[in-house]
Amino acid sequence: MYTAHPDRYADMPYRRTGRSGLKLPALSLGLWHNFGPDRPVETQRAILRRAFDLGITHFDLANNYGPPPGAAESALGEALKADLAPYRDELVVSTKAGYLMWPGPYGEWGSRKYLLSSLDQSLARMGLDHVDIFYSHRPDPDTPLEETMGALHSAVQQGKALYVGVSNYSPEQTRDAARILAELGTPLLIHQPRYSMLDRRPEEQGLLTTLDELEIGSIVYSPLEQGLLTGRYLDGIPEGSRAASDSPFLNSDAVTEDLVARLRALDEIAKSRGQTLAQLALAWVLRGGRVTSALIGASSPQQVEDSVGAVRNLDFDAEELARIDAIVRP
């Protein structure tokens, strides 16, 4: 029988999400990869237990996470039943809908029919009566934004979600979504964009400024840039890595000699701070408190422990930030 660590809240910082009352841990656990039938069930449960013991109270999912789609939600449902059910009120569970889940015209995108049907399926897989955050995973170019946001509002009105968010929306789409939701009476809590030292689009396109102005929280995915900002690629492409398999998320062509040289230079900065490259990358997206939380993935409890080490040093001086920019954006 699992008993949570009594000091689980001792070291993890918690940040208020926008202007809401909800605080999220600086690091949240994403179940995008590593939670499916191809991974040992006990390893999956051990990762979730270790994350919670270290103060990670937020588990982030989507209907299509696995593989196969739906598997991650089912895995969390089993872990809740076996280990974490007594702690449900200490957990923030989020899920999303937007990508393909079943055949036919109602199995993806942003219609009211798809979003609310998907949420019902997600709740059934997880064995929950509600999620804490329900997201529109991507904007739908063919469905009025009023319909998509109206479906999120309905999820809250039906008691199936406490808060709502968007992911992969542009600054302009985010402003419109926030306005529509405000008119309906359901605030837009949070945005989930991709952001890392190597991917500055939320800065360059004005998304972070928009979120600041609207007082909306942010939780960033791929802060380690699909593993590039770890120690795995400091000597090129290792066997068994994502790049070696030419994953759709990271292919071997991306790992150039120039990139490896830059990763090594970043690693030197990390060492000077007493951090690993991954810890540096996580600390960088969390710097200054502008980002509410950063999503980490893990294939073992040890990887969770390594990532959590980042919160011990989230401060940067101007010289460090300038050195990082000179390496990444020469």
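- Here the side chain of Q157 pairs no donor or acceptor atom with the backbone of H153 at under 3.5 angstrom.
- For the pair D7 (side chain) and A10 (backbone), a donor-acceptor distance under 3.5 Å is absent.
- The cluster map of Ile, Leu, Val, Met, Phe, Trp and Tyr, joined by side-chain heavy atoms under 4.5 Å apart, puts L29 and V92 in different clusters.
- Between S218 and L211, the shortest heavy-atom distance links the atoms CB-CD1, 3.7 Å.
- Side-chain polar atoms of H58 and S293 form no donor-acceptor pair below 3.5 angstrom.
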- [ ] List the steps, then state whether side-chain contact (heavy atoms from CB on, under 4.5 Å) holds for L259 with Y233.
- [x] CA-CA 9 Å; L259 176 61; Y233 296 92; over 6 Å; no

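- Rounded to the nearest 0.5 angstrom, L80 CG and L128 CG are separated by 5.5 Å.
- D53 has no carboxylate O lying under 4.0 Å from a charged side-chain N of R8, or vice versa, which leaves the two without a salt bridge.
- A donor-acceptor pair under 3.5 Å is formed between the side chain of T276 and the backbone N or O of Q279.
- The CG atom of L277 sits 5.5 Å away from the CG atom of L229 when rounded to the nearest 0.5 Å.
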TODO: Report the C-alpha separation of R194 and V220 in whole Å, then their side-chain angles, then the decisive distance to 0.1 Å, and conclude whether the side-chain contact (heavy atoms from CB on, under 4.5 Å) test is met.
DONE: CA-CA 5 Å; R194 180 169 178 157; V220 301; over 6 Å; no

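- A donor-acceptor contact shorter than 3.5 Å is absent between the side chain of E268 and the backbone of A265.
- A distance-only check finds a donor-acceptor pair linking the side chain of R15 to the backbone of V291 [under 3.5 Å].
- Comment: E78 engages K81 in a salt bridge, judged by a side-chain N to carboxylate O separation of less than 4.0 angstrom.
- Counting only residues at least two apart or on different chains, the ring pair (Phe, Tyr, Trp, His ring centres under 6.0 Å) pairs with a member in residues 88-132 are Y99-H137, W102-Y114.
- The backbone N or O of K23 sits nowhere less than 3.5 Å from a side-chain atom of R16 that would complete a donor-acceptor pair.
- When all heavy atoms of A79 and R45 are compared, the closest pair comes out as CB-CG, 4.2 Å.
- Without hydrogens or angle criteria, T230 side chain to A278 main chain gives no donor-acceptor distance under 3.5 Å.
- Within the 3.5 Å criterion, the main-chain N or O of G110 finds a donor-acceptor partner in the side chain of D140.
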Task: Worked check of salt bridge (Lys or Arg N to Asp or Glu O under 4.0 Å) between E146 and R112 - done: CA-CA 10 Å; E146 288 80 2; R112 178 180 182 85; over 6 Å; no

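- Residue E257 places its CD atom among 12 or fewer non-hydrogen atoms of other residues, nucleotides or ligands, all under 6.0 Å distant.
- For the residue pair Q173 and S170, a side-chain donor N or O sits within less than 3.5 Å of a side-chain acceptor on the partner.
- Rounding to the nearest 0.5 Å gives a distance of 8.0 Å between CG of L48 and CG of D83.
- Note on D132 versus R88: salt bridge recorded, some NZ/NE/NH1/NH2 to OD/OE distance being below 4.0 Å.
- In this structure, K160 pairs ionically with D120, as a charged nitrogen and a carboxylate oxygen lie closer than 4.0 Å.
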Task: Residues M126, V131; criterion side-chain contact (heavy atoms from CB on, under 4.5 Å); working and verdict - done: CA-CA 9 Å; M126 291 186 284; V131 291; 3.6 Å; yes

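- Under the side-chain contact (heavy atoms from CB on, under 4.5 Å) rule, V164 has a single partner from L189, L181, I133, which is L181.
- Note: L188 CG to Y163 OH = 13.0 Å, rounded to the nearest 0.5 Å.
- Here D212 pairs with R290 in a salt bridge; the nearest charged N to carboxylate O distance falls below 4.0 Å.
- Looking only at atom types and distance, the side chain of Q226 has a donor-acceptor partner in the side chain of S222 under 3.5 Å away.
- Salt bridge absent: E172 and R175 never bring a charged side-chain N and a carboxylate O closer than 4.0 Å.
- Taking all atoms of both residues into account, the shortest heavy-atom contact from L295 to Q192 is CD1-OE1, 3.3 Å.
- One N or O on the side chain of K96 and one on the backbone of L61 form a donor-acceptor pair closer than 3.5 Å.
- With hydrogens and angles left out, the side-chain atoms of R138 and N168 include no donor and acceptor closer than 3.5 Å.
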Open item on the list: Run the salt bridge (Lys or Arg N to Asp or Glu O under 4.0 Å) test on R273 and D315 for me, step by step, so that the C-alpha distance in whole Å, both residues' side-chain angles and the decisive distance to 0.1 Å come before the verdict.
Closed with: CA-CA 10 Å; R273 290 168 49 86; D315 297 324; over 6 Å; no

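- Under the 4.5 Å side-chain contact rule for hydrophobic residues, L123 and L116 do not share a cluster.
- The two residues A155 and L119 come nearest to each other via the heavy atoms CB-CD2, 3.6 Å.
- Under the 3.5 Å distance criterion, with hydrogens and angles disregarded, no donor-acceptor pair is assigned to the side chains of S28 and D60.
- Considering CG of L115 and OG1 of T148, their distance stands at 6.0 Å, rounded to 0.5 Å.
- Separating the CD atom in E204 from the OG1 atom in T209 is a distance of 12.0 Å, to the nearest 0.5 Å.
- Ring geometry for W32 versus Y221: interplanar angle over 60°, hence perpendicular rather than tilted (30 to 60°).
- A continuous path of Ile, Leu, Val, Met, Phe, Trp and Tyr side chains, each step under 4.5 Å between heavy atoms, connects L224 with L280, placing both in one hydrophobic cluster.
- Under the 3.5 Å distance criterion, with hydrogens and angles disregarded, a donor-acceptor pair is assigned to the side chains of Y9 and E90.
- Ring centers of F52 and Y87: under 6.0 Å apart, within the cut-off.
- A salt bridge between E319 and R323 is absent, with no side-chain N of the basic residue lying under 4.0 Å from a carboxylate O of the acidic one.
- Contact between P193 and P202 at its shortest, heavy atoms only, is CB-CG, 4.2 Å.
- Counted by atom type alone, S118 and N63 present one or more donor-acceptor pairs between their side chains at under 3.5 Å.
- Hydrophobic clustering (ILVMFWY, side-chain heavy atoms < 4.5 Å, transitive): V308 and I219 are in distinct clusters.
- For F134, there are no ring pair (Phe, Tyr, Trp, His ring centres under 6.0 Å) partners, not counting sequence neighbours.
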TODO: Kindly determine whether Q303 and S299 satisfy side-chain hydrogen bond (donor to acceptor under 3.5 Å, both in side chains), including the steps that lead there.
DONE: CA-CA 7 Å; Q303 285 190 352; S299 59; 3.3 Å; yes

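- L214 and R19 get closest at one heavy-atom pair: O-NH1, 2.7 Å.
- Not a single donor-acceptor pair under 3.5 Å links the side chain of R287 to the backbone N or O of L321.
- Salt-bridge formation is detected for the pair D267/K271: a Lys NZ or Arg NE/NH1/NH2 atom is positioned less than 4.0 Å from an Asp or Glu carboxylate oxygen.
- Contact annotation: the side chain of V311 never approaches that of D11 to less than 4.5 Å [non-hydrogen atoms, C-beta and beyond].
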Open item on the list: Go through it in stages, so that I can follow the logic: the residues are T95 and E73, the test is side-chain hydrogen bond (donor to acceptor under 3.5 Å, both in side chains), and I'd like the CA-CA distance, side-chain angles, deciding distance and then a yes or no.
Closed with: CA-CA 8 Å; T95 197; E73 291 177 329; 2.5 Å; yes

Open item on the list: Before you tell me yes or no, could you show the steps for Y135 and L152 under side-chain contact (heavy atoms from CB on, under 4.5 Å), namely the whole-Å CA-CA distance, both residues' side-chain angles and the distance that decides it to 0.1 Å?
Closed with: CA-CA 8 Å; Y135 288 86; L152 296 185; over 6 Å; no

